[in-house]
Protein chains: 2
Amino acid sequence: MDADKIYEVRKFNRFYTRTLQLTNKYHLGTGLTVLESRLLLEIYENKLQTANDLVSFLDIDKGYLSRVLKSLERRGYIEQTVDDLDKRSKLLGLTELGRSTLEIIKKRADQQIDQLFSKLSEQEMEQVISAMDFIRQKVNLD
Amino acid sequence: MDADKIYEVRKFNRFYTRTLQLTNKYHLGTGLTVLESRLLLEIYENKLQTANDLVSFLDIDKGYLSRVLKSLERRGYIEQTVDDLDKRSKLLGLTELGRSTLEIIKKRADQQIDQLFSKLSEQEMEQVISAMDFIRQKVNLD
DNA sequence: TAAAAAAGTTGCTTTTGTCAACTAATTAGG
DNA sequence: CCTAATTAGTTGACAAAAGCAACTTTTTTA
C-alpha cells in the first residue's frame, strides 16, 4: 500500500481515537468503570458466557479479569455459577441490578452518540452508517 | 436519531476499538509506551511545542505529563529548553534518538495498517479511505 | 491413566493516572 | 506602575488499572 493511503488511515485512527475518548464517558456517575461497563455489555449482548470468552475477545489478562469479575459480583451486578458441564468454568450472567445499570449506561452512550452527529440530516446520517458498514466489512482483524 | 442508527454506530465503535487496540502495538520492542510514542509524534509532526499544548490537545493531566516528559528527556528522546519569550514555558523538541525512534515506530505502525487491509484491491482501499474521510467530516467533536 | 492443557484464583509488582499544593513567571486591572 | 489573578510546569502522595507468575482444580489427550 502506498504511503499516502497509510497516512490517511492513520489520520483517521487518530481522529477516531479522540472520538471514542469523548464517547467513553458514559459510565460516569454509574459507579462502573469503562471496562466494567464493557464487560456487562459483552456478557449480556454478545453472549460471552465465561471469563475465558471475555479474555480472548477483549484481550485482557485473566488474573486481572478474575478480580474485576469478583468485584462486580460482590457489588451485585453479576452472578457466576459453576458450569455443570465443565466445572473449571463459571457461567456469567447479569443480575437485575446489572441489567438495569446496563440500560442506564446504554441510554447515556446513546445520547453521546446522538450528540456526535447532532448537526446531520437523516440522509447524511444514513451515509455515515453506510460508510461505517463498509469499513467494517473491509478491515481484516486477524 | 432513531435507535437502530445509534445501534449501528455503537457497533462500529466497538469494532473500531478492537481495531485500534490491534494497531496500537507498534511501540512494542521500542522501549516506548503508547503515550510516549504519541507524544513524540505530536511534538514532531503536529508541532505541539509545549507541555501545555500537549495537555490541551491530548487531554491528559499536566502533572502526569510533566513526569512522562521528564522521563523522555532523561532517556534521551527529547529536549526541553526554557522559552526565552515566556520563561514559564519549555519548548519541546526531539533529539536525534527521538527522531530515529519515531521513524521506527511509524514504520511499524504503517506495517500494521497495511496488514489491516491486506486483502483489499487498490480500488477497495480507495473506497475505504473515502469512507473514512466522509466520517471525519461528519462527526461533531465539540 | 499419567501427562499436558485449560479455567480460574491469588499474591506481588509495575504502570498509569489523579489530585492538590506549590514555585516561578506573566498578565490584567485599578 | 504595582498588586492580584492567572498561567506553565513541578512535586508528593495516593489510587486505579494492568501485568506476571505460581498455584489449584478439572478436563483432555496420547
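Naming convention: chains lettered A, B, ... in sequence-line order (proteins, then strands); numbering from 1 in each chain.
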Please tell me which of the listed nucleotides, C:dT26, D:dA8, C:dT10, lies nearest to the side chain of B:Ser89? D:dA8

Looking at the side chain of B:Thr50, which of D:dT27, D:dA18, D:dG9 is the nearest nucleotide? D:dG9

Just checking B:Asp86: base, sugar-phosphate only, or nothing, at a heavy-atom cut-off of under 4.0 Å? sugar-phosphate

D:dG9 C1' sits how many Å from B:Leu91 CG, rounded? 13 Å

Kindly say whether, by distance alone, the side chain of A:Arg67 makes a donor-acceptor pair under 3.5 Å with the base of D:dG19? yes

Please determine if A:Arg18 forms a cation-pi arrangement with B:Phe57, meaning its NZ or CZ atom is less than 6.0 Å from the six-membered ring centre and no more than 45° off the ring axis. yes

Is the shortest side-chain N/O distance from B:Ser66 to OP1 or OP2 of D:dT10 below 4.0 Å? yes

Over all strands shown, is B:Asn52 touching base, sugar-phosphate only, or nothing at heavy-atom distances under 4.0 angstrom? sugar-phosphate

Considering every strand and a 4.0 Å limit on heavy-atom distances, what is the contact class for B:Lys62: base, sugar-phosphate, or nothing? base

Can you identify which nucleotide, out of D:dT11, C:dT26, C:dG8, has its nearest atom closest to the A:Ala51 side chain? C:dG8

Regarding the side chain of A:Leu35, the nearest nucleotide among D:dT10, C:dG17, D:dA18 is D:dA18

Less than 3.5 Å between a donor and an acceptor, one on the side chain of B:Arg88 and one on the base of C:dA24, is that the case here? no

Would you kindly give the CG-to-P distance between A:Leu65 and D:dA17, to the nearest whole Å? 14 Å

